[in-house]
Amino acid sequence: MAVQLVWFKKDLRVLDHQPLAMAAKHGPVLCLYVIEPAVIFAEDFDSSHQVFINDCLHELRQNLLKIGGSLFVMQGDLPEVFKTLQDKIAFEKIWCHEETGNDITYKRDLRVQAWCKNAGIAYEEIPQNGVVRRLRNRDGWSAKWFERMSTPVTAVPPRLQLPENFTLTDVQTGAIPTLAEIGLAPSTKPKAQVGGEAIAQEELLSFLSLRGKNYRYEISSPLSAQNSCSRLSPYLTFGAISSRVVYQASVARRQNLASAGKESNARQSAWQKSLASFEQRLIWRCHFMQKLEDEPAIEFHNMSPIYDDLRESDFRQDYFAAWCNGMTGYPMVDACMRALKETGWVNFRMRAMLVSFASFDLWLHWRPTAVYLARHFLDFEPGIHYSQFQMQAGTTAINDIRVYSPIKQGLEQDPDGEFIRQYVPELKDVPLEYLHQPELLPPLFQQFHGCVIGKDYPSPIVDHAIAAKSAKDRIFALRKTEAANLDAERVFQKHGSRKKPGGKAWR
């Protein structure tokens, strides 16, 4: 039987892996992961991403060995690696998942497809989430999402057959290369989540059975969100677990709660509301990824060209550096940035605040700030990232302008100052009533509490009220023009949410 090549990309699992299951039915299977220089040395990639990937690869190899297969890890560009393999073994077909990635992987996939066509090798990409390739318009998109998420989970193949007499060199089949061996610096995120399919399953179970009860009410604070959020985002990003498995497990949990009748009314209600909110965000996840799938250029260019040249000439490198380093003089902004750089994660509301502050208070163009955060988000998903960034920066033409007050967010989401004191130790002795605006502490008391503003901790880099008003005035002045209104209609037709029964929009 002809050899089947399963190309693992951001789908590092064996459960619900349709390309693997399909390939196993057609002949001996060669499972391959390729470490690509163009990807790992890209401006949006970080060593912490590779640490997480390596965790997944180690477990994936063990899981494949259990069913008679193995995982071959090679380094190089594609499709050149496939050409090298073709010289060693004549594989008949490449099986893989569709991927909505950045420009580098988008162009790589096109090159692989072209090479397969010229080489006479069959090539099949299979969807793995709710993103619809070659979508004509958004009408009916949510129905397609539910259809995909409701199809049965693909079982792990009971047995794989390796190609006969096939070996690679010890370097290619031995230990998965370390960061140093592939030219990456050590990760600077000691508290980042650990990768792997088993941990992904454990996170899902603990969320659905224990942690998720107050999800709907506790996802806004960076403190409570650490436990009440699912924490599945990096596992979904790198495919250690599939969207379908997560969605169906959540639906099953809601149904079990409803039928058991053993929970108190209040507890039952909390769980039902939280799980419904969680499932809605699974839809949102693919909704935003669909935007990049439909228009890859939004990784680099404004979704609405009306906003071209709005910020480019005003970019201040000193503001950018202060924002990147968590030294803006706004404690909640600085705490979130420092937490992110240490752990690779902050909750969604705090991410939105970081982007809002950069885009409106500091008037920084979204592209450099997006690339910087892409490196630091362990769960960096290009489709979500660039779509959300443009929405928060106000360049989509169709979304509300969201300007977050960092002082208000601090007071509401960290009222006791626990999060700020953890990540901004300069402020650890500042009285709570001044913690969110330490510059208001009288100078004599600044010295007494060991935090002189402008010396031990920076003064606010801008006045939020003045900067936010100026930014909104500039944005809304553009939005009032006829050209902006016409372009908003174009953007909505391509990317806008459609309505579900009852009038609420699918996001």
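Only this structure's heavy atoms are used, side chains among them; waters, hydrogens and symmetry mates stay out. Residue numbers count from 1 along this sequence. Keep in mind it's a predicted model, so treat the numbers as computed, not measured.
Between E59 and R13 there is no salt bridge, since no side-chain nitrogen of the basic residue lies less than 4.0 Å from a carboxylate oxygen of the acidic one. Between K291 and E295, none of the side-chain N atoms (NZ, or NE/NH1/NH2) sits under 4.0 Å from a carboxylate O, so this pair counts as no salt bridge. A salt bridge between E36 and R108 is present, with a side-chain N of the basic residue lying under 4.0 Å from a carboxylate O of the acidic one. Salt bridge absent: R231 and E202 never bring a charged side-chain N and a carboxylate O closer than 4.0 Å. Using a cut-off of 4.0 Å between Lys/Arg side-chain N and Asp/Glu carboxylate O, K9 and D109 are scored as salt-bridged. Between D77 and R111 there is no salt bridge, since none of the side-chain N atoms of the basic residue sits less than 4.0 Å from a carboxylate O of the acidic one. A salt bridge links R133 to E125: one of the charged nitrogens lies within less than 4.0 Å of a carboxylate oxygen. Taking the charged nitrogens against the carboxylate oxygens, R311 and D314 have no contact shorter than 4.0 Å, which rules out a salt bridge.
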Enumerate donor-acceptor pairs with a distance under 3.5 Å from any side-chain N or O in residues 423-431 to protein atoms, sequence neighbours excluded.
from, atom 1, to, atom 2, distance (Å)
E426, OE1, R338, NH1, 2.9
E426, OE2, R338, NH1, 3.2
E426, OE2, R338, NH2, 3.0

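Both tests do not hold together for K117 against W115: distance to the six-membered ring centre under 6.0 Å, angle to the ring axis within 45°. R367 forms no cation-pi arrangement with F320, by the criterion of a distance under 6.0 Å to the ring centre and an angle within 45° of the ring axis. Both tests pass for R351 against the ring of F377: distance under 6.0 Å to the centre and angle within 45° of the axis. The cationic group of R211 does not satisfy the cation-pi geometry with F207, failing either the under 6.0 Å distance to the six-membered ring centre or the 45° limit from the ring axis.
Looking only at side-chain heavy atoms (C-beta outward), L236 and S243 come within less than 4.5 Å of each other. Under the 4.5 Å side-chain criterion, counting only non-hydrogen atoms from C-beta, D44 is in contact with Y386.
A centroid separation of 6.0 Å or more is found between the aromatic rings of W141 and F146. Aromatic pair F315/W363: ring centres not closer than 6.0 Å. Ring to ring, F8 and F72 are not that close: their centroids are 6.0 angstrom or more apart.
Between the side chains of H495 and D294, no donor N or O sits under 3.5 Å from an acceptor N or O. No side-chain donor-acceptor contact under 3.5 Å links S220 and Q413. Side-chain atoms of D361 and Y330 form no donor-acceptor pair, as typed in the model, at a separation below 3.5 Å.
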